[in-house]
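One structure is given here, and the rest of the page talks about it.
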Amino acid sequence: MIRKLLMGIALAAAVGFHASAMFMPAFGRPAGEIAARLPVVFMPSMYSSLILIVLMPLLGLYVLSGGGKADRPSTANLRAALFIAASILHIIEIITWQEERFILFTAAEVAMLAVLAALYFTYPKKENRLSGRIPISGIFSYFFFSLLVAIHYTLEENDWGGLGLSDALWAIITLTFAAAIALHFLYHHRDDMFAGVFAWMSIMVAAKNGLDEPLVSAASLFLAGAVITWMVVSRRQSGKVPRTAEE
């Protein structure tokens, strides 16, 4: 019970700080206004955060279930500690973003992503449950994409030259890398949630760029479509395995 209470407090604090950054900033300008300040090509639409409407209730379910089924109490305690640490790091990154300390923000995102990765891998390789890894997978994917956006934003802020490549080409390279990671989790962990969140964020990059950057928009939609197609195909293939075994 104490474990669930502490996880619930950490989640409520993180959600509260996130909402404050979006609508009633306490440390600076609204998060969306800061994001729109620079012409970053690899940037999703402001509507990308709507995915949190799905992820937040799932995280609430995760807290109520105490992190899901665990073989040992030590595993459950580890998951709780990692969840609380990730929540604290999220609060830190929000504050650093609003104070426009983008290098510190990126460092906080890297630390939070490492903690989320550690939490993700406390679950069996291909076990995905709503009361277990699925909520963590969704938020892991969301902040993985967010980290890539943060890197692009920080480089733009510091007048990075792009090594002779255009911003659009770097955006396509980053999208391809992110798609490869999504396909990795989809293939090796049967993780539809990670792949689905990537697809949503990729579509939001296309929505943000529209016809201003047609190659980036086309690449975003193509990669999102490829991941979604693989999700459907892999789901059908996995559905055929039990029947084949029975035969």
| request: Keeping to residues at least two apart or across chains, list the side-chain hydrogen bond (donor to acceptor under 3.5 Å, both in side chains) pairs with something in residues 165-183. | output: His152-Thr174
| Is Arg79 positioned over the aromatic face of Tyr123, cation under 6.0 angstrom from the ring centre and no more than 45 degrees off axis? | yes
| Linking I/L/V/M/F/W/Y whenever any side-chain heavy atoms sit under 4.5 Å apart, do Val63 and Leu58 land together? | yes
| field | His189/Phe194 aromatic ring centres below 6.0 Å | value | no
| query | Charged N to carboxylate O below 4.0 Å: is that the case for Arg37 and Glu100? | reply | yes
| field | Phe185 ring center within less than 6.0 Å of Phe198 ring center | value | no
| said: For the CE atom on Met56, are there more than 12 heavy atoms of other groups (residues, nucleotides or ligands in this structure) within a distance under 6.0 Å? | reply: yes
| message | Is it the case that atom CG in Leu165 sees more than 12 heavy atoms from other parts of the structure closer than 6.0 Å? | response | yes
| field | More than 12 heavy atoms of other groups within 6.0 Å of Leu163 CG | value | yes
| query | Do the ring planes of Trp97 and Phe105 sit parallel (below 30°), tilted (30 to 60°) or perpendicular (above 60°)? | reply | tilted
| field | Flag if over 12 foreign heavy atoms under 6.0 Å of CG, Asp71 | value | no
| field | side chain to side chain contact (heavy atoms under 4.5 Å, CB included) partner of Ile95, chosen from Gln98, Glu93, Glu99 | value | Glu99
| said: Once rounded to the nearest 0.5 Å, what's the spacing between atom OH of Tyr142 and atom CG of Leu55? | reply: 8.5 Å
| request: Please answer: with hydrophobic residues joined when any side-chain heavy atoms are less than 4.5 Å apart, are Ile136 and Ile53 in the same cluster? | output: yes
| field | Heavy-atom check, side chain of Val197 versus side chain of Phe140, under 4.5 Å | value | no
| task | For Ser45, check side chain to side chain contact (heavy atoms under 4.5 Å, CB included) against everything at least two apart and list the hits. | result | Tyr47, Met204, Ala207, Lys208
| message | Nearest 0.5 angstrom please: Leu64 CG to Leu59 CG, how far? | response | 11.0 Å
